[in-house]
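Structure first, then comments.
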Amino acid sequence: MKLHQAKLQHSFFDTFKHRGDLHLSQVSPSGLQQPVLVSANRQLANELGLDPDCLDSEAFLQLMAGHITGEHFNPIALVYSGHQFGVWAGQLGDGRAITLGELPVNAPSDASGKPILWDIQLKGAGTTPYSRFADGRAVLRSSIREYLCSEAMHNLGIATTRALALVDSQTQVYREEVESGATVCRVAQSHIRFGSFEHFHYRNQPEAVKALADYVIQRNFPEWQNEDNKYRLMLENCVLKTAKMIAQWQAVGFNHGVMNTDNMSIIGDTIDYGPFGFFDSYDPEHICNHSDTQGRYSFKNQPSVGLWNLNALATALTSLISNSDLVSALKQYEPEYLNQYRTIMASKIGLEQYQSDDENLINQLLELLQINKVDYTIFFRSLADFSTNNIDIRDQFIDREGFDSWAEKYRIRIAQQKLSAQQRKQRMNAVNPKYVLRNYMAQAAIEAAAQGDYSEVNLLLSILQSPYDEHPQAQKYAGPPPDWADQLAVSCSS
Ligand code: AMP
Ligand code: MG
C-alpha cells in the first residue's frame, strides 16, 4: 500500500462534523517550499503495511511536506486546552498539527478482526484556526529531535507517538534567527490529550466531554463499549498506562520537560517532544527545559506531576464518573508507579524478582551514582559484566570504597539467584540500553543537517531503533558525552 494512495478513514471528522467546529476545524495545509526528504522510517512503514518503495517516491515526499492532493485526505485540526505549568491556559491547539486521516492497519493478533486506526498527522504544515499568533511551522532542529526521540522511546519499549518521515525545506521560519521549516509526520492511535477533555469541561459543555469519551472508547477500547462503567475503565486505563510510562521514563533517565496537560495522551503515550533530555549522570534535580526556571518539570518531579495531571483529567470527567470512582481510579496511580519502577530497576541490576530489601540496594546505588557523577547509561550497561570485569565498573566511581561496600551487598544478593553470570548479563543487556538519545547526539545530527548532510540523522535512527545492540559503526556514541555537551541548552522555542 502506498500512503499517498491509501484509503484513509475519517472517523474523528465523521463523528464530530455535525457539531460544527466544536471539536475540530477543517484546514488547508500550506506545504513547504522545495522539500527534501531527510529520513523515512522504514521500520514504522513496515508495521503500518506501507510499501517500502513508496517512501522514495516524489508523491510521498510532497504529501509529507504538506502538499495535499487527492480526495481521500481530509485535513483537520483538533481543538484542545490545558494547564501549562500548573495554570489554566485556555485553548491551545492544535496550532501546528494537521491530521490527514486515519490509516487502517490489520492487526493479526486482534481477535475482533477490526483494523487498528493510526492517525497520520503532519506537524509544521501551516497554521490552523487554533494557531493564535504563531506561524504553524516547526523548525528543522526541533523536528529532528522529535523524529529521533519518538523512535528511540518506542524501541526502548516506552509507549509513545511514532514518526514516519522528516522533511526539510527552503521555507524560512523566524525564531531567534531564520531557520529552515520542516515537517514531521506523527503517527499515533490517538492524539486526544487530557486537555481535549478539559477544553469542554471548562466551557461547561458536558455533552461534548461525553461525545469525546464515547469516541475514544469506540475507537481505542471497543471491548468496553457496552460496559456500564466504560468511562471509569477509560480513566483507570489512563492512570495505569501513565504510571507505567513515567516509571519507564524514570528508569531510563528521560526528562520530558513540558508535562502540561495538553501534552499528556489519553492512551498513555509519550507525546510532544520539545526540550526533553536524557540525563548523562544520575541527577534527580535535572531540568532539561531551559525555560522551566522553577523546576516544576524536573526529573524528580515527573511522577508527582503525572498524578497532578491525572487529577486534572479526572476533574474534567466529573460529569461522567462519580466522585468515589474518580478517587478510586486515581488511587491506583501510586502503587502502579512503584510496582513498575521497582520491577524495572530490579531488572536493570539483574534481579529476577524485586524483594522489599532491594529498595535499599537500589537507592544506595542511585545515591552513589549521583555523588560520583557516574554516567547512568554507561554504568548500567557495564554492570552486566559484574564479577568478570569489576575494575572497569569500579573505576567509574571517585569513591571506590563506597562502590566496594555496595558491591559486597550486591554480590550476596545476586548469589541468591540461580542465574549464571552469562544468563544475568544477557538479561541485563536486554533492559539496559547501550544507546540513548543524548542531547549532543541530536545536536550533531542537527548541525550536519543544517549543512544539508542528513546521514547523521539516519545513522542515529538506525542505532536508536535497536538500542540494546552493539553498533560498531556508532562507537563514538557509546561513550560519555564530550565536554561541549554541558553547554547545550534547550528551550521551548521550536
Ligand atoms: P507546546 O508547548 O509545543 O506543547 O505547544 C503548545 C501549543 O502551542 C500547541 O497547541 C501547539 O500546537 C502550539 N504551537 C506551538 N508552536 C506553534 C507554532 N509555531 N505555530 C502554531 N502553533 C504552535
Ligand atoms: Mg504540545
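Just so you know, these numbers use all the heavy atoms, side chains as well, and skip hydrogens, waters and symmetry mates. Whatever order the structure lists ligands and atoms in, that order sets their numbers, starting from 1.
Geometrically, ligand 1 and Arg137 share a nitrogen or oxygen pair separated by less than 3.5 Å. When only interatomic distances are considered, the shortest N/O to N/O separation between Ala134 and ligand 1 does not fall below 3.5 Å. Residue-to-ligand polar distances place Arg132 within reach of ligand 1: an N/O pair is separated by less than 3.5 Å.
At least one donor-acceptor pair closer than 3.5 Å links the side chain of Asn263 to the backbone N or O of Val258. Although no hydrogens or angles enter the test, the distance criterion places a donor-acceptor pair under 3.5 Å between the side chain of Asn458 and the main chain of Tyr454. A donor-acceptor pair is defined here as one N or O able to donate and one able to accept, closer than 3.5 Å; such a pair exists between the side chain of Arg96 and the backbone of Arg137.
Near Asn263, meaning under 4.0 Å from one of its heavy atoms, ligand 1 places the atoms 4 (O). Every atom of ligand 1 with a heavy atom of Tyr80 under 4.0 Å away is listed here by number and element: 9 (C), 10 (O), 12 (O). Ligand-side atoms of ligand 1 in range of Asp272: 4 (O), range being under 4.0 angstrom from any heavy atom. For ligand 1, the atoms lying closer than 4.0 Å to a non-hydrogen atom of Gly93 are 10 (O).
Distances from atom 17 (C) of ligand 1 to the heavy atoms of Arg193, Arg96, Glu146 put Arg96 nearest. Heavy-atom proximity to atom 20 (N) of ligand 1, evaluated over Gly95, Gly136, Gly274, is greatest for Gly136.
Evaluation of the ring-ring contact (aromatic ring centres under 6.0 Å, His included) rule for Tyr231 yields no partner, not counting sequence neighbours. Here Phe197 pairs with nothing under the ring-ring contact (aromatic ring centres under 6.0 Å, His included) rule; sequence neighbours left out.
Of the residues listed (His199, Gln91, Arg193, His201), the one engaging Ser81 in a side chain to side chain donor-acceptor pair (under 3.5 Å) is His199, and it is the only one. If you run ring pair (Phe, Tyr, Trp, His ring centres under 6.0 Å) between Tyr297 and each of Trp249, Phe276, Phe85, Phe254, only Phe85 comes through.
In Tyr130, neither the side chain nor the backbone holds a heavy atom less than 4.0 Å from any atom of ligand 1. With a heavy-atom cut-off of 4.0 Å, Arg175 touches ligand 1 through its side chain alone.
The aromatic rings of Tyr282 and Tyr376 sit parallel to each other, their planes meeting at less than 30°, with 60° as the upper class boundary. Using cut-offs of 30° and 60° for the angle between ring planes, the Tyr341 and Tyr337 rings count as parallel.
Of the N and O atoms on the side chains of His83 and Glu198, at least one donor lies less than 3.5 Å from an acceptor on the other residue.
Legend: protein N/O/S atoms lying under 2.8 Å from the Mg ion (ligand 2), waters omitted, number 2.
No heavy atom of Val258 sits closer than 4.0 Å to any atom of ligand 1. Residue contacts with ligand 1 leave out Ala97, since none of its heavy atoms falls under 4.0 Å from the ligand.
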Solution key, residues 307-315 side-chain donor-acceptor pairs under 3.5 Å, sequence neighbours excluded:
| from | atom 1 | to | atom 2 | distance (Å) |
| --- | --- | --- | --- | --- |
| Asn309 | ND2 | Met259 | O | 2.9 |
| Asn311 | ND2 | Leu307 | O | 3.1 |
| Thr315 | OG1 | Asn311 | O | 2.8 |

I would like to know whether Tyr80 and Tyr130 meet ring pair (Phe, Tyr, Trp, His ring centres under 6.0 Å); could you show each step before the answer?
CA-CA 9 Å; Tyr80 58 79; Tyr130 317 117; 8.1 Å; no
